[in-house]
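Working notes, structure below.
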Amino acid sequence: MSRVQLALNVSNIEQAVEFYGKLFGTEPAKRKPGYANFAVAEPALKLVLIENAEKAGTLNHLGVEVETAAEVKVASDRLRQTGLVPHQEDKVDCCYALQDKAWVVDPDGAPWEIYTVLEHIEKPTPEVRNPASACAKCS
C-alpha cells in the first residue's frame, strides 16, 4: 500500500495533535518532542506535523510513502525516464526513522519525496530536516 504524505509546519505541536486527531478520528502513529505523524486509513494519508513556529501554517513538504526500498528505486527510475532528475538519499535519519528517499521539486518549488521507512529509531535528528536542502540537488 502506498499513501500520500502531507508534512505541515505547526506552531504548537500539542494543539495541532489535538486538532488533527479530532479531524481524522485517530491518534498519532508516532509521537516525539516537536513531532507527530498520523497514519490515516481513510483517506489514505500520512500526516506529519513538525513544530516550527517561524513557518507555522505552511507546507513543509509532500510525499508518497511506499512499502519497500525497491519501490523507491522503481519510482526514481520512472521519474528519471520522464526527464525529472530525482535526488536519491539512502539510509537517511529523518523523522525518527531510517529512510530511503527520492526527492523532486514541482515547478513552483514544492518538495516531493518518495520514501520508505527502513526502521524506526528513537534518537531525534539533531535539527528539523529542511527538505529544501535535499531538494537543492534536484532538477
Got a sec: does the CD of Gln88 have more than 12 other heavy atoms crowding it under 6.0 Å?
-> yes
How long is the span from the [atom1] atom in [X] to the [atom2] atom in [Y], to the nearest 0.5 Å?
X	Y	atom1	atom2	value
Arg3	Glu65	CZ	CD	4.5 Å
Lys32	Asn37	NZ	CG	10.5 Å
His120	Tyr96	NE2	OH	14.0 Å
Lys46	Leu62	NZ	CG	14.5 Å
Leu23	Phe38	CG	CZ	9.5 Å

Check whether any side-chain heavy atom of [X] sits under 4.5 Å from a side-chain heavy atom of [Y], and report yes or no.
X	Y	value
Val48	Tyr35	yes
Tyr115	Gln5	yes
Thr68	Asp100	no
Ile114	Val66	yes
Cys94	Lys101	yes
Tyr20	Thr26	no
Glu119	Gln99	no
Ile13	Leu49	yes

Can you sort out the partners of Leu45 under side-chain contact (heavy atoms from CB on, under 4.5 Å), two or more places apart, ordered by chain and number?
->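 Once residues adjacent in sequence are excluded, the partners of Leu45 under the side-chain contact (heavy atoms from CB on, under 4.5 Å) criterion are Leu6, Phe24, Val40, Leu47.
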Identify which one of Glu14, Glu18, Glu51 satisfies the salt bridge (charged side-chain N to carboxylate O under 4.0 Å, His left out) criterion when paired with Arg31.
->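 Answer to the salt bridge (charged side-chain N to carboxylate O under 4.0 Å, His left out) test with Arg31 among Glu14, Glu18, Glu51: Glu14.
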Where do [X] and [Y] come nearest, in terms of heavy atoms and distance?
X	Y	answer
Ala102	Pro86	CB-CB, 4.1 Å
Pro111	Trp103	CB-CZ3, 4.0 Å
Ala69	Thr116	N-CG2, 3.5 Å
Ala56	Val10	CB-C, 3.8 Å

Residue that, paired with Asn9, satisfies side chain to side chain contact (heavy atoms under 4.5 Å, CB included) out of His61, Lys55, Glu54 | Lys55
Take Leu98 and Val92 through the side chain to side chain contact (heavy atoms under 4.5 Å, CB included) test and state the conclusion after the steps.
-> CA-CA 5 Å; Leu98 191 64; Val92 65; 6.0 Å; no
Please name the residue in the list Arg80, Arg78, Lys73 that meets the side-chain hydrogen bond (donor to acceptor under 3.5 Å, both in side chains) test with Ser76.
->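 Only match with Ser76 under side-chain hydrogen bond (donor to acceptor under 3.5 Å, both in side chains): Arg80.
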CA sep, side-chain torsions, deciding dist, call: Ile121, Asp93, side chain to side chain contact (heavy atoms under 4.5 Å, CB included) | CA-CA 8 Å; Ile121 56 178; Asp93 174 357; 3.3 Å; yes
